[in-house]
There are 2 protein chains.
Amino acid sequence: MNDTHSFMAPVPLDKAYRLINHGRTVLVSARHDGVENVMAAAWACGLDFMPPKVTVVIDKIARTRELLERSGSFVLQVPTVAQREMTYQAGTLSLHNEPEKLKLAGVELFHMDGVEAPLVAGCSAWLACELIPEPHNQQQYDLFIGQVTAAWADNRVFHDGRWHFEDAPSELRSLHHVAGGHFYAIGEAFPRTDNEI
Amino acid sequence: MNDTHSFMAPVPLDKAYRLINHGRTVLVSARHDGVENVMAAAWACGLDFMPPKVTVVIDKIARTRELLERSGSFVLQVPTVAQREMTYQAGTLSLHNEPEKLKLAGVELFHMDGVEAPLVAGCSAWLACELIPEPHNQQQYDLFIGQVTAAWADNRVFHDGRWHFEDAPSELRSLHHVAGGHFYAIGEAFPRTDNEI
């Protein structure tokens with residue numbers, strides 16, 4: 001036990017998920033049979049490099065899940081600090097009991113040729129995905145796997161193949177959810193230097 | 001197309017994973033038959049609240065994967081800004097061809113009763129996990145699912161059930177990988193206020 005361990009404290013299991021909750025928050029959008037919806041999700045993750053694949057966890061109560069399962073496609077997008085209230089509302093309101101959800105949350109949609117799901121305006125990145133059906137994962141774990149078929153980013157903050165939050169307008173920073181609508185923004189950059197081993 | 005769309009640029013598919021790569025980086029540790037190892041992983045994610053479950057993607061070339069599969073358990077830990085060089089080395093060096101990996105990377109291990117995998121000293125959080133065997137996910141996607149059986153955090157930065165990066169020593173901030181050893185730290189806090197809708 002060194003000095004660090006003196007601060008080590010148990011975390012109750014019902015709060016343990018919060019220890020790794022602060023990946024960047026995403027918005028998931030889908031459309032089926034003329035119905036469009038958008039929800040926020042904290043649990044989205046890379047799965048493969050090429051072809052690129054992603055995972056996202058979507059609860060059975062989410063209307064977006066039904067649209068995604070029926071259409072076989074969805075868009076993951078990365079919302080910004082400027083969109084944090086919209087993101088919170090998109091994760092709180094439900095289209096099941098609030099037909100005006102998107103309007104109330106302030107979600108503005110647009111469309112790209114060849115992409116069935118709508119895209120959310122004002123985000124910093126968009127990944128158009130085709131669902132790779134995995135019924136066991138979907139039923140047992142609420143876990144969905146998508147293959148990315150097209151991607152776009154705001155070139156003020158993502159260019160030359162990587163994020164450049166440090167040089168971009170601060171309102172374009174990504175959101176990292178803590179709990180209950182409290183977010184952190186992405187912060188200081190630590191570039192790798194040659195004098196490190 | 002509004003003003004935001006004028007900045008929308010396509011991202012090559014081989015760089016698309018980087019759009020959601022900046023969840024917090026974790027270290028994965030495991031032990032089997034007296035061999036201990038630690039690796040860095042960018043693709044770890046929450047999967048369920050209670051009982052808490054997590055996912056982590058681990059390539060077939062990783063020695064840690066073999067230890068995890070054989071022991072059926074692992075620890076996910078959240079490294080800090082102070083540990084960014086160690087984290088980069090833990091993700092770059094391989095125990096397969098570098099028997100002194102942990103020493104070279106500067107990894108210090110400790111152990112907790114009832115947890116087979118070693119824990120990495122100096123991290124801000126630790127989640128002890130039992131592997132939920134899912135052979136199809138493991139083979140097809142390199143995707144591992146764990147149930148969290150115990151968790152701890154540094155109580156200077158995680159207390160009262162959530163992160164408090166804004167009030168903690170700055171070297172305890174989490175790391176968010178961009179590419180090639182370049183990291184961002186977690187940044188500014190945006191608490192939710194009552195005057196928001």
Side-chain angles (χ1 to χ4, degrees), chain A residues 2 4 7-11 13-24 26 43-47 49-52 54-55 57 78 84-85 121-122 125 127 141 143 148 151-156 161-163 165 174 176 178-192 196, chain B residues 2 4 7-11 13-24 42-47 49-52 54-55 57 78 84-85 121-122 125 127 141 143 148 151-156 161-163 165 174 176 178-192 196:
Chain A
N2 63 19
T4 300
F7 298 105
M8 187 178 182
V11 174
L13 280 184
D14 68 351
K15 294 292 186 295
Y17 77 93
R18 290 189 176 175
L19 296 173
I20 60 161
N21 215 35
H22 58 308
R24 90 264 59 56
V26 297
W43 294 345
C45 200
L47 180 65
F49 295 104
M50 199 65 201
V54 296
T55 57
V57 179
V78 181
R84 71 191 166 88
E85 182 61 22
L127 299 100
Y141 299 114
L143 179 70
V148 181
W152 302 267
D154 185 317
N155 60 13
R156 292 173 294 175
R162 75 170 186 88
W163 291 105
F165 294 109
S174 54
H176 302 253
V178 196
H182 298 267
F183 291 100
Y184 290 98
I186 195 77
E188 185 182 358
F190 288 96
R192 190 172 161 75
E196 294 177 293
Chain B
N2 64 19
T4 301
F7 299 106
M8 187 178 183
V11 173
L13 280 184
D14 68 349
K15 295 291 186 297
Y17 77 92
R18 291 189 176 175
L19 296 172
I20 60 162
N21 215 35
H22 58 307
R24 88 261 65 48
W43 294 344
C45 200
L47 179 67
F49 295 104
M50 199 66 200
V54 296
T55 56
V57 179
V78 180
R84 71 191 165 89
E85 182 60 22
L127 299 100
Y141 300 113
L143 178 71
V148 181
W152 302 266
D154 184 318
N155 61 12
R156 293 173 294 175
R162 75 169 186 90
W163 292 105
F165 293 110
S174 54
H176 301 253
V178 195
H182 299 266
F183 291 100
Y184 290 98
I186 194 78
E188 185 182 357
F190 289 95
R192 190 171 161 74
E196 293 175 296

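Every chain is numbered from 1, with letters handed out A, B, ... down the list of sequences. Any value given below was found using the heavy atoms of this structure, including those in side chains, with hydrogens, waters and symmetry copies removed.
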(message) Working to the nearest 0.5 angstrom, can you tell me the gap between A:Ile186 CD1 and B:Glu188 CD?
(response)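 Result: 12.5 Å between the selected atoms.
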(request) Starting at OH of B:Tyr184, measure out to CZ of A:Arg24 and round the result to the nearest 0.5 Å. (result)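 So the OH of B:Tyr184 and the CZ of A:Arg24 are separated by 14.0 Å.
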Tell me the closest heavy-atom pair linking [X] and [Y], and the distance in Å.
| X | Y | answer |
| --- | --- | --- |
| B:Ala185 | A:Phe190 | CB-CE1, 3.7 Å |
| A:Asp154 | B:Phe7 | OD1-CB, 3.2 Å |
| A:Ala44 | B:Cys45 | N-SG, 3.5 Å |
| A:His182 | B:Arg162 | ND1-NH2, 4.4 Å |

I'd like to verify something: which residue of [options] has the highest number of heavy-atom pairs under 4.5 Å with chain B?
| options | value |
| --- | --- |
| A:Val148, A:Val57, A:Leu13 | A:Leu13 |
| A:Pro52, A:Gly23, A:Gly180, A:Gly46 | A:Gly46 |
| A:Ala179, A:Ser174, A:Pro10 | A:Pro10 |
| A:Val54, A:Val178, A:Leu143, A:Asn155 | A:Asn155 |

(message) Less than 4.5 Å to any heavy atom of chain B: does that hold for the side chain of A:Leu127, its backbone, both, or neither?
(response)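 Side chain of A:Leu127 only, per the 4.5 Å heavy-atom cut-off to chain B.
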(request) Can you sort out the partners of B:Ala125 under side chain to side chain contact (heavy atoms under 4.5 Å, CB included), two or more places apart, ordered by chain and number? (result)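 In terms of side chain to side chain contact (heavy atoms under 4.5 Å, CB included), with neighbours along the sequence ignored, B:Ala125 is linked to A:Leu19, B:Val78, B:Ala153, B:Trp163.
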(request) Return the orientation label for the B:Phe49 and A:Trp43 ring planes: parallel under 30°, perpendicular over 60°, tilted otherwise. (result)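 The rings of B:Phe49 and A:Trp43 sit tilted, inter-plane angle from 30° to 60°.
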